[in-house]
Amino acid sequence: MHILRTPGERFEGLPDFPYEPRYADVPDGDGGMLRMAYVDEGAGPVVLLLHGEPSWSFLYRHVLRVLVDAGLRVVAPDLVGFGRSDKPAAITDHSYARHIEWTRSLVFDVLDLRDVTLVGQDWGGLIGLRLAVENPDRFARIVAANTGLPTGDFPMPEIWLRFRESVRTAPTFDIARGIQSGCQTALTDEVKAAYDAPFPDESYKAGPRAMPGLVPAEPDDPEAPANRLAWDVLNQWAKPFLVAFGDKDPITGAMAPIFAQMIPGAQGLTHPTLEGAGHFLQEDAGERLGQEIASFVRETA
């Protein structure tokens, strides 16, 4: 496995993101090791923030600040292939199962996190929900934020299918533009540069290139059976489960009522709708999302 590592100077001067990165090595599944980066701030009950495609932990900067101020410990990893984490250079190096295992190795084997509040958005939910159902003793509660757990048994939105095709065929993948297209607010040039920072050139983008094709969008996808089994567990999940979605997300918006209605732990809770927030609700309503998470942890402790 050929691995690329983004030079540290690419991350200098990040706006509103003063947190020092920490690093840990995890097995790459191919006989070697990968360095994963993460932010670990604050003290108190643990909140695990998992980002998605094609972002990195920088996406959670406003959420992170609110949670730390609320007396929580916040762990925000960069998925392998994203942010400051190592980047396997071949698209074929990436698989859904590998991303689950890389993340599991960091948060459990290295950090030994327990009584975790999971916050998963986009791929952060696809990975995080699998971690939760496969390691339920590690998790105290879950926040699903603009995410899903597809099995391929129902059609994906047309807008997502177009996105998957564009990522597969475009000669260049404009990361910042991709983030902006999922936001309702206009990103500053400094923020756009922060999203581009992990990727000095196209050779670093195998992770973002791979992820759309790894979503179980067809019933015979290799990970579809495991996601069906995960839904079997979620249909009996009694621990607190909060659904916090933006109201302007055409990609995952339809999943909000499904989570709220099907999961026992979601019953009896008031699930917030974040007005004016698109797919990347952390950009459009980050402080509000942070407040909702902090209240959820406090009220269900």
Less than 4.0 angstrom from a charged side-chain N to a carboxylate O is my criterion; do [X] and [Y] meet it?
X    : Y    : result
R5   : D86  : yes
R35  : D28  : no
K205 : E202 : yes

Distance from [X] atom [atom1] to [Y] atom [atom2], nearest 0.5 Å?
X    : Y    : atom1 : atom2 : value
N227 : L126 : CG    : CG    : 6.5 Å
S166 : R168 : OG    : CZ    : 10.0 Å
D153 : E218 : CG    : CD    : 11.0 Å
F82  : L59  : CZ    : CG    : 12.0 Å
M36  : L79  : CE    : CG    : 6.0 Å
L34  : M1   : CG    : CE    : 6.0 Å

Judged by modelled atom types alone, do H279 and D249 share a side-chain donor-acceptor pair under 3.5 Å?
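There is such a pair (donor and acceptor under 3.5 Å, judged by atom type) between the side chains of H279 and D249.
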
Do you see a donor-acceptor pair shorter than 3.5 Å between the side chains of E283 and Y60?
no

Is there a path of hydrophobic side-chain contacts, each under 4.5 Å between heavy atoms of I, L, V, M, F, W or Y residues, that connects [X] with [Y]?
X    : Y    : result
I3   : M33  : no
L131 : L229 : no
L48  : F108 : yes
V66  : F280 : no
F173 : V80  : yes

Could you tell me whether the side chain of T273 and the main chain of D247 form a donor-acceptor pair under 3.5 Å?
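The answer is no, because no donor-acceptor pair under 3.5 Å joins these two groups.
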
Is there a donor-acceptor pair under 3.5 Å between the side chain of D122 and the backbone N or O of T147?
no

Could you give the side-chain donor-acceptor pairs of residues 38-47 under 3.5 Å, partners two or more places apart or in another chain?
unit_1: D40; atom_1: OD1; unit_2: R73; atom_2: NE; d: 3.0
unit_1: D40; atom_1: OD2; unit_2: R73; atom_2: NH2; d: 2.7

How are the rings of [X] and [Y] set to each other: parallel, tilted or perpendicular (split at 30° and 60°)?
X    : Y    : answer
W123 : Y96  : perpendicular
F259 : W231 : parallel
W56  : F58  : parallel

Counting only heavy atoms from other residues, nucleotides and ligands, does the tally under 6.0 Å from OH of Y23 exceed 12?
yes

Answer yes or no: does atom CG of D109 have more than 12 heavy-atom neighbours from other residues, nucleotides or ligands under 6.0 Å?
yes

Could you give all pairs that pass the salt bridge (Lys or Arg N to Asp or Glu O under 4.0 Å) test and reach residues 171-193, with sequence neighbours left out?
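Qualifying pairs, neighbours excluded: none.
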
Could you check whether any side-chain heavy atom of R130 comes within less than 4.5 Å of a side-chain heavy atom of R104, counting everything from C-beta outward?
no

Decide side-chain contact (heavy atoms from CB on, under 4.5 Å) for I142 and L129; before the verdict, give the C-alpha distance in whole Å, the side-chain angles of both, and the deciding distance to 0.1 Å.
CA-CA 8 Å; I142 293 173; L129 291 171; 4.0 Å; yes

Apply side-chain contact (heavy atoms from CB on, under 4.5 Å) to Q184 and list each qualifying residue two or more places apart in sequence or on a separate chain.
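Partners of Q184 under the side-chain contact (heavy atoms from CB on, under 4.5 Å) test: K248, D284.
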
Assess R141 against F241: is NZ or CZ under 6.0 Å from the centre of the six-membered ring, and within 45 degrees of the ring's axis?
no

